[in-house]
Number of protein chains: 2
Amino acid sequence: MNNKPTIHDIAKALGVDSSTVSRALNDSPRVTKATKVRVLAMAAELGYQRNMLASNLRKNVTNTIGVIVPRISRHFFSSAIQGIEETAYLAGYNVIISQSLEQLERERKIVEGLVANRVDGLLISVSMETVDYRHLEVAKNNSIPLVFFDRHCGISGYSNVLIDDFKCGFDATEHLIFKGCKRIAHFSGSQELEIYKNRFNGYKAALAKHNILFKNEYVVNSRLMEQDGYLGMQNLLDNQQEIDGVFSANDVTAIGAMKCIKERQLKIPEDIAIVGFSNEPISQVIEPSLTTIDQSGSEIGKTATELLLEYISKKEIPVEGQTIILNSKLIERNSSKK
Amino acid sequence: MNNKPTIHDIAKALGVDSSTVSRALNDSPRVTKATKVRVLAMAAELGYQRNMLASNLRKNVTNTIGVIVPRISRHFFSSAIQGIEETAYLAGYNVIISQSLEQLERERKIVEGLVANRVDGLLISVSMETVDYRHLEVAKNNSIPLVFFDRHCGISGYSNVLIDDFKCGFDATEHLIFKGCKRIAHFSGSQELEIYKNRFNGYKAALAKHNILFKNEYVVNSRLMEQDGYLGMQNLLDNQQEIDGVFSANDVTAIGAMKCIKERQLKIPEDIAIVGFSNEPISQVIEPSLTTIDQSGSEIGKTATELLLEYISKKEIPVEGQTIILNSKLIERNSSKK
DNA sequence: CTGTTAGCGCGTTCAC
DNA sequence: GTGAACGCGCTAACAG
């Protein structure tokens with residue numbers, strides 16, 4: 001029962017050598033079509049399943065890529081993992097998931113563990129504690145290719161797959177401009193954080209490109225709760241700011257703003273168009289008509305995996321890492337303004 | 001550089017045999033303390049790392065458990081995976097994640113793939129298309145223990161780790177009763193679905209236990225959108241139903257109901273207490289004061305993994321599967337009513 | 001095109 | 001307590 005058939009069993013049954021069987025199963029060109037068929041038939045009959053452990057040991061690969069994220073349950077990362085898993089699955093790779101829980105020490109141990117497990121490649125979104133990358137050199141020393149995603153690696157020689165927050169802000173704002181908006185408010189978060197600063201800069205750049213005057217009164221910095229959107233919008237409207245568009249750096253805040261707009265009998269997007277930068281899908285359950293800039297975690301995961309698989313198949317770690325910057329997708333969910 | 005040291009290298013360096021080294025590294029009692037120390041020191045010096053592939057091949061294990069979920073990016077599953085990963089990590093196991101995308105055919109292929117990869121155990125939340133379990137027999141045939149979580153397996157002989165929706169409904173309702181509520185409304189979803197039916201039954205049972213008359217007018221069935229909560233609450237209040245408590249089978253719907261309550265200048269929880277069954281954490285961002293019954297995905301993941309690891313260590317698949325039913329946690333977030 | 005030989009790196013017999 | 005030898009299952013290299 002527990003004696004699983006091996007290539008030797010099927011070789012014996014067919015009166016050929018096990019290496020021929022091996023070649024047949026691997027669809028090697030150096031074996032007759034006829035014997036291939038016989039081997040495959042016998043394999044099916046015996047219920048043969050290749051022992052990956054042995055195969056991998058011999059080939060010194062694992063068909064496995066290791067993934068390290070700060071926390072699996074955060075939506076962005078789980079959707080990234082979704083993309084990673086799908087892409088890896090199609091390429092015949094397994095995915096081992098680990099989480100650093102934002103701790104450098106844990107990250108270090110995980111990397112060592114994955115390297116000891118001989119993963120064929122590594123996908124990492126580093127923890128917030130990670131300031132240097134010495135603990136990752138073990139991968140390089142073992143010729144294991146490494147791709148950073150979402151959170152970039154500061155030093156050169158590594159590949160990154162990132163989201164362009166600047167361009168997201170730019171695109172969202174330009175989208176509103178194309179819709180005919182001229183007085184566009186921006187709800188932003190702490191300017192200490194790169195992501196919000198970049199989105200804000202994208203917003204300003206889009207205005208500049210289209211010769212629209214930037215007005216400081218249109219910018220609302222907050223903690224990006226729903227209430228902040230509601231109150232921010234209220235303030236803007238009460239202060240006679242004739243807003244006709246809103247780009248919110250956060251979806252929940254955008255929902256708050258929408259509530260305020262609707263209460264005042266203004267129409268979306270006819271009177272005021274609105275775009276929210278989206279983190280969580282549930283926000284669209286609560287407000288299905290919200291046009292969003294979606295941080296496509298699965299897209300970034302897919303891209304990072306494709307890049308990594310390329311390195312793996314080439315069996316070489318590029319000296320110069322490349323950096324791929326993805327755009328988030330703007331998903332328009334309400335009718336056009338003009 | 002790429003020639004990683006093996007036990008032979010360290011054996012040669014020490015003038016002992018590789019089998020002695022192997023024993024020393026495995027802390028076998030049949031080797032001198034002194035040589036153990038020498039071996040360990042040399043291993044550290046050479047930067048030796050055990051080749052798991054070879055070790056696993058020899059021992060015919062993988063130190064890996066396979067996990068199949070419908071979709072990684074759904075919050076419940078990603079938090080379950082979080083719990084699984086943490087528990088497995090502590091026990092020295094790796095976790096391979098796969099997603100069925102709710103497709104039976106994919107699930108079948110994944111199971112076969114994981115079995116072919118000789119995972120030591122399997123954790124499955126079956127796809128919605130899964131009505132029979134023949135495609136899982138391959139695991140049993142290969143003596144791979146299997147634990148179902150969240151979505152239970154209908155046939156006997158398998159272990160399940162589930163959430164008790166009935167008890168959740170019961171607890172939520174009883175919590176409201178303890179708060180002093182006597183006229184408790186219930187917002188429910190399609191009675192075709194077990195989960196909503198069970199929560200509804202829990203609600204009724206709690207009322208019965210405390211001798212509170214069940215009134216059909218207090219029950220609102222809907223698609224559980226935010227608007228459904230808002231409108232449902234509106235109807236209840238307009239029809240002179242003097243509601244003083246609400247148990248919603250969904251958090252978003254509860255948020256809608258809260259909005260309606262607040263608009264009418266009623267206070268939560270003083271005038272109307274409210275509990276929502278929680279799926280997504282962001283709902284608490286939008287409404288931080290919502291008291292919830294939390295489906296703890298990570299808890300269920302942890303429990304399922306512990307059970308599975310027990311089976312793995314015992315090296316036997318129980319003939320009679322056991323079923324563990326977990327309670328979700330009630331998390332009270334607003335001040336007491338009475 | 002097929003068979004033979006020789007390991008991959010480790011763990012487990014046997015002996016001594 | 002330690003060494004020698006073998007095998008896990010598969011595949012690469014070399015013959016023929």
Side-chain angles (χ1 to χ4, degrees), chain A residues 2-40 42-43 46-64 92 115-120 142-143 315, chain B residues 2-40 42-43 46-64 92 115-120 142-143 315:
Chain A
N2 209 355
N3 296 343
K4 307 199 61 164
T6 73
I7 50 171
H8 296 101
D9 296 324
I10 119 163
K12 207 164 292 176
L14 254 45
V16 296
D17 193 85
S18 59
S19 58
T20 305
V21 175
S22 174
R23 280 192 279 258
L25 292 173
N26 287 313
D27 201 27
S28 158
R30 306 186 355 180
V31 61
T32 314
K33 190 82 186 164
T35 48
K36 252 179 217 177
V37 174
R38 289 174 60 217
V39 167
L40 257 48
M42 182 55 77
L46 297 179
Y48 168 80
Q49 279 188 163
R50 165 187 271 130
N51 185 332
M52 282 305 194
L53 268 68
S55 173
N56 289 341
L57 170 62
R58 191 61 180 81
K59 292 193 292 191
N60 199 35
V61 297
T62 51
N63 279 318
T64 301
V115 169
N117 271 293
R118 306 288 204 281
V119 292
D120 295 336
N142 287 72
S143 311
K315 287 177 205 249
Chain B
N2 207 357
N3 296 342
K4 307 198 59 162
T6 72
I7 50 171
H8 297 102
D9 296 322
I10 120 163
K12 207 163 291 174
L14 254 45
V16 296
D17 191 86
S18 58
S19 57
T20 305
V21 175
S22 173
R23 281 191 278 259
L25 292 173
N26 287 313
D27 202 28
S28 159
R30 307 187 354 176
V31 61
T32 315
K33 191 83 187 164
T35 48
K36 253 179 215 175
V37 174
R38 288 173 60 214
V39 167
L40 256 48
M42 182 56 76
L46 297 180
Y48 167 80
Q49 280 188 162
R50 165 188 269 126
N51 185 331
M52 282 306 193
L53 267 69
S55 174
N56 288 342
L57 170 61
R58 194 66 182 76
K59 291 192 293 191
N60 199 36
V61 298
T62 51
N63 279 317
T64 300
V115 169
N117 272 291
R118 307 287 203 279
V119 292
D120 295 336
N142 287 72
S143 311
K315 288 177 206 246

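None of the values given here were measured: they were computed from a predicted structure.
Annotation: side chain of K4(A) is in contact with side chain of N142(B) (closest heavy-atom distance under 4.5 Å).
Counting to the nearest Å, the P atom of dG9(C) and the CG atom of N142(A) are 13 Å from each other. Put simply, CD1 on I10(A) is 12 Å from P on dT11(D), counting in whole angstrom units. At whole-Å resolution of the value, CD1 in I7(A) and P in dT4(C) are 14 Å apart. Atom CZ of R58(B) is separated from atom P of dA5(D) by 17 Å (rounded to the nearest Å). One atom, CG of L53(B), and another, P of dG11(C), lie 12 Å apart when rounded to the nearest Å. A straight line from NZ of K59(A) to P of dG9(C) spans 16 Å, rounded to a whole angstrom. In this structure, CG of N63(A) is placed 11 Å from P of dT11(D), rounded to the nearest angstrom. Look at CG on N60(A): it is 17 Å from C1' on dA13(D), rounded to the nearest Å.
For N51(B), the listed nucleotide lying nearest its side chain is dC10(C); candidates were dC10(D), dC10(C), dC1(C). With dC8(C), dT2(D), dG11(C) as the choices, the nucleotide that has an atom nearest any side-chain atom of L57(A) turns out to be dC8(C).
Scanning atom types as modelled, one donor and one acceptor separated by under 3.5 angstrom connect the side chain of R30(A) and the base of dT2(C).
Screening L25(B), L40(B), V39(B) against Y48(B) for a side-chain contact (heavy atoms from CB on, under 4.5 Å) leaves a single residue, L25(B).
Two residues, A54(B) and G15(B), neighbour DNA chain D, and the one matched to the more 5' nucleotide by heavy-atom proximity is G15(B). Nearest-nucleotide assignment on DNA chain C puts the 5′-proximal partner with K33(A), out of R50(B) and K33(A).
The backbone N or O of V119(A) sits nowhere less than 3.5 Å from a side-chain atom of N117(A) that would complete a donor-acceptor pair. Between the side chain of R38(B) and the backbone N or O of L14(B) there is at least one donor-acceptor pair closer than 3.5 Å. The backbone N or O of H8(A) lies less than 3.5 Å from a partner atom in the side chain of T6(A), making a donor-acceptor pair. R118(B) contributes a side-chain N or O that, together with a main-chain N or O of A116(B), makes up a donor-acceptor pair within less than 3.5 Å. Under a 3.5 Å cut-off, the side chain of K36(B) and the backbone N or O of S28(B) do form a donor-acceptor pair.
When the side-chain nitrogen and oxygen atoms of T32(B) are compared with OP1 and OP2 of dT2(D), one or more of them lie within a distance under 4.0 Å. OP1 or OP2 of dC10(C) lies within a sub-4.0 Å distance of a side-chain N or O belonging to Y48(B). The side chain of T35(A) contributes no N or O atom lying less than 4.0 Å from OP1 or OP2 of dC1(C).
Near DNA chain C, meaning a heavy atom under 4.0 Å from it, residues 17-26 of chain B has S19(B), S22(B), R23(B), N26(B) in order of number.
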